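Side chains are part of it too, since the values below use all heavy atoms of this structure and drop only hydrogens, waters and symmetry mates. Whatever order the structure lists them in is the order used to number ligands and atoms, beginning at 1. None of the values given here were measured: they were computed from a predicted structure.
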Amino acid sequence: MPIKTEEAAASPARHAGGGDDDGRGRRRVLVFPLPFQGHVTPMLQLADALRSRGGFAVTVFLAPVPSSSSLLHRPAGYRFVTVGAGVAGAAAALIPSGTGGDFAGALMRLDALLRAPFEDCLRQELAADEDAAAGPVGGSNLRGMQEVAERLGVATLALRTRGACCLVAYMAFPELCGKGILPPPTSARRDQHQMDMQLDELPPLRLRDMMFSATTTHATMATCLERLLDSSRCSSGVILNTFNDLENSDLQKIANGLNVPVYAVGPLHKISIGEHNSLLTQDLSCLEWLDKQEAESVIYVSFGSLASMDPEEILETAWGLVDSQMPFLWVIRPNMVQGSLQVGLPDGFEEATRGSGMVVSWAPQQDVLKHQAVGGFWTHNGWNSTLESICDGVPMICRPQFADQMINARYVEEVWKIGFELEGKLERGMIERALRKLMCSEGGNEMRQRAKDLKKKATTCVEKGGSSKTAIDMLVNRIMSF
Ligand code: UDP
């Protein structure tokens with residue numbers, strides 16, 4: 001594939017070795033995940049991979065928000081440092097919930113709020129452990145933390161928890177603004193046809209795929225992306241949770257455009273078991289229920305940790321599932337329904353689906369997707385969900401809502417051809433037709449076959465000599481060289 005890196009070739013990683021159970025005496029990587037499931041999962045999977053490949057000890061900096069506390073039950077060798085306990089209230093107030101939140105603005109405010117406390121924590125960490133500067137890995141959304149690290153002489157690596165396709169789109173954002181394509185005028189936003197305009201700079205994306213949030217202003221988005229790109233350019237390397245055979249040309253564009261080493265180390269969940277990464281309690285009973293279902297018969301429905309639905313969408317989804325007469329496993333988080341703490345499934349739904357369907361509030365998704373009973377995934381196309389589906393050969397119905405989800409959905413439909421987007425207002429008839437198309441049609445079978453072909457490639461890349469395995473070795477060597 002050849003992604004440009006500083007190392008000519010990966011040699012077996014030197015081991016950071018030695019040390020006690022808490023990792024004292026070993027080289028240490030410092031990681032700072034954003035307090036959202038979609039960021040925590042790949043960041044800690046990467047930390048696990050670095051521990052097992054390079055023998056590093058790990059310090060995890062945690063934002064002072066309640067969701068972080070569930071991460072504290074991890075194996076020996078991890079040290080946890082809560083950053084900014086004194087500003088916990090202010091930090092918690094910044095965390096948006098649901099699709100309507102201004103995530104870009106919130107991330108920048110969190111970055112600013114935690115900057116000074118992080119400096120204190122990092123100083124203490126460096127004073128406590130001489131080898132702590134073995135290569136902190138930060139999410140590329142926390143540019144402020146990276147600036148602190150730079151000032152203290154600590155080299156940084158930027159983990160992008162989204163796909164290469166997303167980073168390429170973000171890199172094109174300034175150019176599209178310069179050409180006057182972004183932001184589209186308000187009149188154009190109301191015109192479906194104009195928003196469907198193909199972007200020559202970013203095939204197969206359309207103008208509307210670049211509308212990352214309904215509540216973030218264009219100025220905020222532009223600043224947020226500028227800082228995100230700066231954090232990648234100023235790092236000693238960008239790490240992506242993807243693999244060469246999936247996104248080779250976009251990885252190449254990133255390496256050329258950012259001019260830093262690029263490490264495509266994914267799929268991380270196939271490298272690290274990651275059983276301690278869930279912020280919510282998983283309902284394992286759904287695996288027993290899946291054991292009783294026929295092969296590839298079940299549609300799995302889940303919209304990740306942040307996306308939401310209004311009560312009418314829940315209702316239409318419920319009856320669409322019933323009318324399709326297909327076995328289903330549906331994740332409805334307690335806070336998922338806009339404007340209500342109640343899930344509000346319709347009367348008659350439970351009787352109509354008893355034995356043939358299951359609703360849980362949080363599933364062990366990676367185990368669900370690899371279960372032989374699961375034949376399709378109706379998803380919001382967060383990057384982790386998209387990648388997990390690809391790696392287990394499961395085709396998708398795509399219902400993206402915000403951030404990078406539209407980009408991922410577009411690639412699923414147009415590039416990898418392993419699913420299709422469900423567009424427009426949700427209505428039970430259209431849901432039933434979409435489910436039949438994915439699960440029972442010739443076209444759906446072809447998508448499934450292509451997904452299975454990608455699964456093989458995802459499996460090969462993490463084996464000995466595979467591209468991602470090699471990239472991890474190179475990354476370990478890079479960190480050892482700091
Ligand atoms: N997930 C899970 N159980 C669920 C739903 C989701 O464990 O019931 C996990 C899923 O495996 C994925 C993460 O939550 O790793 C969601 O990340 P993604 O990037 O797909 O979406 P986000 O939550 O960031 O929107």
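Electrostatic pairing of Arg208 and Asp196 counts as a salt bridge here, judged by a charged N lying under 4.0 Å from a carboxylate O. Looking at Glu316 and Lys425, no side-chain N of the basic residue comes within less than 4.0 Å of a carboxylate O on the acidic one, giving no salt bridge. Ion pairing between Lys417 and Glu413 fails under the 4.0 Å rule for side-chain N and carboxylate O. Residues Arg109 and Asp102 are paired through a salt bridge, judged by an N-O separation under 4.0 Å between the basic side chain and the carboxylate. Using a cutoff of 4.0 Å between basic side-chain nitrogens and carboxylate oxygens, Arg428 and Asp323 are not scored as salt-bridged.
Of the N or O atoms in Thr41, none lie within a sub-3.5 Å distance of an N or O in ligand 1. Distances between N or O atoms of Ala363 and those of ligand 1 include at least one value under 3.5 Å. In terms of N/O distances under 3.5 Å, ligand 1 is not approached by Gln37.
Close approach of ligand 1 to Gly304 is summarised as follows: ligand atoms under 4.0 Å from at least one heavy atom of the residue are 23 (O). Listed by atom number, the atoms of ligand 1 under 4.0 Å from Gly38 heavy atoms are 17 (O), 24 (O). In summary, the atoms of ligand 1 found under 4.0 Å from a heavy atom of Gly382, numbered by their order in the structure, are 18 (P), 19 (O), 20 (O), 21 (O). Near Trp383, with a cut-off below 4.0 Å to any heavy atom, the atoms of ligand 1 are 19 (O).
The side-chain hydrogen bond (donor to acceptor under 3.5 Å, both in side chains) test with Tyr411 is passed by exactly one of Thr386, Asp209, Asp250: Asp250.
For His380, every heavy-atom contact with ligand 1 shorter than 4.0 Å involves the side chain, none the backbone. Under 4.0 Å from ligand 1, the heavy atoms of Val331 that appear belong solely to its side chain. Both the backbone and the side chain of Trp362 come within 4.0 Å of ligand 1, counting heavy atoms alone. Both the backbone and the side chain of Ser385 come within 4.0 Å of ligand 1, judged by heavy-atom distances. Residue-level proximity to ligand 1 for Glu388 is carried by the side chain, the only part with a heavy atom below 4.0 angstrom.
The shortest non-hydrogen separation linking Pro204 to Val415 is CG-CG2, 3.8 Å. Residues Pro33 and Met43 approach most closely at CB-CG, 3.7 Å, considering heavy atoms.
The closest approach between any non-hydrogen atom of Arg162 and ligand 1 is below 4.0 Å. Distances from ligand 1 to the non-hydrogen atoms of Phe36 include no value under 4.0 Å. Distances from ligand 1 to the non-hydrogen atoms of Arg333 include no value under 4.0 Å. At a 4.0 Å cut-off, at least one heavy atom of Tyr300 sits close enough to ligand 1 to count as contact. Residue-ligand proximity: Ser302 is placed with a non-hydrogen atom under 4.0 Å from ligand 1.
The protein heavy-atom contact nearest to atom 19 (O) of ligand 1 is Asn384 ND2, 2.8 Å. Nearest non-hydrogen protein atom to atom 23 (O) of ligand 1 is Ser305 OG, 2.4 Å.
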Could you pull out all donor-acceptor pairs under 3.5 Å where a side-chain atom in residues 452-459 meets a protein atom, sequence neighbours excluded?
unit_1 : atom_1 : unit_2 : atom_2 : d
Lys452 : NZ     : Glu296 : OE2    : 2.8
Thr459 : OG1    : Lys455 : O      : 2.8

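Proximity of a side-chain donor or acceptor of Thr353 to a complementary backbone N or O of Phe349 within less than 3.5 Å is detected.
Screening residues 380-396 for salt bridge (Lys or Arg N to Asp or Glu O under 4.0 Å), with sequence neighbours left out, gives Lys270-Asp392.
Taking 4.5 Å as the limit, some side-chain heavy atom of Met211 sits within range of a side-chain heavy atom of Pro184.
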